[in-house]
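This one's a predicted model, so the numbers in the text were calculated from it and none came from an experiment. Computed over heavy atoms, backbone and side chain alike; hydrogens, waters and symmetry mates excluded.
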Amino acid sequence: MFQLKSLYNLPTSPEFLFQEESINQRRSWSENLQYYTGTGYLSGAILGGAKGSIEGIRSAEPGETLKLRVNRVLNSGGHAGRKFGNNLGVLGLMFAGIESGLIHWRDTDDLVNTVLAGLSTGAIYRAAKGPRSAAIAGVIGGIAAAGAVAAKQAVKRYVPI
């Protein structure tokens, strides 16, 4: 009897064109840039769209037609989604660029780079609002980056995949 396992006996290890690529276990700076920017924009657009849609539903006035209510919900959801998506996309872009620069400058890839990138991103993003706002945003960005790394490590350790 013919077995399907032998038909699709594919290698389970990743294949690389150059041996140096197999040594590196992380994404390149351009892949990181695309990943963080795209993830930030997409998640911001979804969260902003949901928030805007809820605001559109709440702002409905008595006596409006269904067509007018749907239009209000779609307009407010689209407006908030674009705004949140752009903001989080810019944060992702800044974070990826700073983290890649730190990895290159320090010549090491560790938790310190991620925390410093989060701290710097928050501080730079809010710098126009003043030094106090920049400092608070920097601390929040550093804590968020450290929390994300800790959560990733916990998932790797405790969640079987």
Side-chain angles (χ1 to χ4, degrees), residues 14 21 24-161:
E21 291 177 342
N24 189 9
Q25 293 297 321
R26 78 180 312 278
R27 292 186 293 265
S28 69
W29 70 271
S30 61
E31 291 170 336
N32 260 349
L33 203 65
Q34 292 175 5
Y35 175 77
Y36 287 125
T37 304
T39 303
Y41 183 81
L42 183 63
S43 58
I46 290 170
L47 292 173
K51 181 182 182 287
S53 296
I54 290 170
E55 288 174 0
I57 291 169
R58 286 185 181 159
S59 68
E61 298 174 6
E64 286 182 340
T65 64
L66 179 64
K67 186 176 180 180
L68 193 56
R69 287 182 187 199
V70 168
N71 188 20
R72 182 186 304 266
V73 169
L74 290 176
N75 284 341
S76 62
H79 177 73
R82 283 188 307 274
K83 188 175 176 182
F84 277 47
N86 287 338
N87 286 338
L88 283 181
V90 166
L91 284 173
L93 180 73
M94 289 170 53
F95 178 81
I98 292 170
E99 185 184 38
S100 295
L102 286 169
I103 289 170
H104 178 73
W105 183 56
R106 293 183 65 229
D107 201 26
T108 183
D109 184 16
D110 57 3
L111 175 66
V112 175
N113 290 336
T114 305
V115 172
L116 286 175
L119 191 133
S120 302
T121 299
I124 292 169
Y125 190 74
R126 297 296 278 183
K129 300 273 186 185
R132 182 171 185 241
S133 180
I136 292 170
V139 169
I140 291 171
I143 291 171
V149 170
K152 182 179 176 183
Q153 295 300 324
V155 166
K156 274 185 178 178
R157 184 172 184 176
Y158 296 114
V159 177
I161 294 177

*Asks:* Ignoring hydrogens and angles, tell me if any N or O in the side chain of Ser133 forms a donor-acceptor pair with the backbone of Lys129 under 3.5 Å.
*Replies:*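 Here the side-chain-to-backbone pair does not exist.
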
*Asks:* Just how far is it from atom CG of Leu111 to atom CG of Leu116, taken to the nearest 0.5 Å?
*Replies:*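 Between atom CG of Leu111 and atom CG of Leu116 there are 9.0 Å.
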
*Asks:* What pair of heavy atoms forms the shortest contact from Leu102 to Ala117, and how long is it?
*Replies:*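 Of all heavy-atom pairs spanning Leu102 and Ala117, the closest is CD1-N, 3.8 Å.
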
*Asks:* By side-chain contact (heavy atoms from CB on, under 4.5 Å), which residues pair with Thr39, not counting sequence neighbours?
*Replies:*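 Per chain and number, Thr39 pairs via side-chain contact (heavy atoms from CB on, under 4.5 Å) with Tyr35.
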
*Asks:* Please give me the minimum heavy-atom distance between Gly52 and Ala80, naming the atom from each residue.
*Replies:* CA-CB, 3.8 Å

*Asks:* Applying salt bridge (Lys or Arg N to Asp or Glu O under 4.0 Å), name anything that partners Arg126, two or more places apart in sequence or on another chain.
*Replies:* none

*Asks:* Quick one: which residue pairs count as a salt bridge (Lys or Arg N to Asp or Glu O under 4.0 Å) with a foot in residues 35-45, not counting sequence neighbours?
*Replies:* none

*Asks:* Can you pull out every side chain to side chain donor-acceptor pair (under 3.5 Å) where at least one residue sits in residues 42-52? Sequence neighbours excluded, please.
*Replies:* Lys51-Glu55

*Asks:* To the closest 0.5 Å, what do you measure between OG (Ser100) and CG (Asn32)?
*Replies:* 5.0 Å

*Asks:* Which residues satisfy the side-chain contact (heavy atoms from CB on, under 4.5 Å) test with Ser30, sequence neighbours excluded?
*Replies:* Ser28

*Asks:* Taking the side chain as every heavy atom from C-beta outward, state whether Leu68 and Glu61 have any atom pair closer than 4.5 Å.
*Replies:*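 Leu68 vs Glu61: side chains apart.
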
*Asks:* I'd like to check the side-chain contact (heavy atoms from CB on, under 4.5 Å) partners of Ile103; sequence neighbours left out, ordered by chain and number.
*Replies:* Arg26, Glu99, Asp109, Asn113

*Asks:* Which residue pairs pass the salt bridge (Lys or Arg N to Asp or Glu O under 4.0 Å) test with at least one member in residues 68-78, sequence neighbours excluded?
*Replies:*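 Matches after skipping sequence neighbours: Glu64-Arg72.
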
*Asks:* Taking Ser76 for the side chain and Val73 for the main chain, is one N or O donor matched with an acceptor at less than 3.5 Å?
*Replies:* yes

*Asks:* Show every side chain to side chain donor-acceptor pair (under 3.5 Å) that has at least one partner inside residues 80-94, sequence neighbours left out.
*Replies:* Asn87-Tyr125

*Asks:* Report the distance from atom CG of Leu42 to atom CG of Leu47, rounding to the nearest 0.5 Å.
*Replies:*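 Spacing of CG (Leu42) from CG (Leu47) equals 9.5 Å.
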
*Asks:* Applying side-chain contact (heavy atoms from CB on, under 4.5 Å), can you list everything that pairs with Ala148, at least two apart in sequence or on another chain?
*Replies:* none

*Asks:* Considering only heavy atoms from C-beta outward, does the side chain of Leu93 approach that of Val90 to under 4.5 Å?
*Replies:*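 Contact flag for Leu93/Val90 side chains = no.
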
*Asks:* Sorted by first residue and then second, give each ring pair (Phe, Tyr, Trp, His ring centres under 6.0 Å) pair with at least one member in residues 73-108; sequence neighbours left out.
*Replies:*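 Of all non-adjacent pairs touching residues 73-108, those that pass ring pair (Phe, Tyr, Trp, His ring centres under 6.0 Å) are Tyr36-Phe95.
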
*Asks:* Quick one: closest heavy-atom pair of Met94 and Ile124, and the distance?
*Replies:*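 Nearest pair, atom of Met94 first, then Ile124: CE-CG2, 3.5 Å.
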
*Asks:* How close do Thr37 and Leu33 get, heavy atom to heavy atom, and via which atoms?
*Replies:* OG1-O, 2.7 Å

*Asks:* Report all side-chain donor-acceptor pairs from residues 136-145 shorter than 3.5 Å, counting only partners two or more places apart or in another chain.
*Replies:*
none

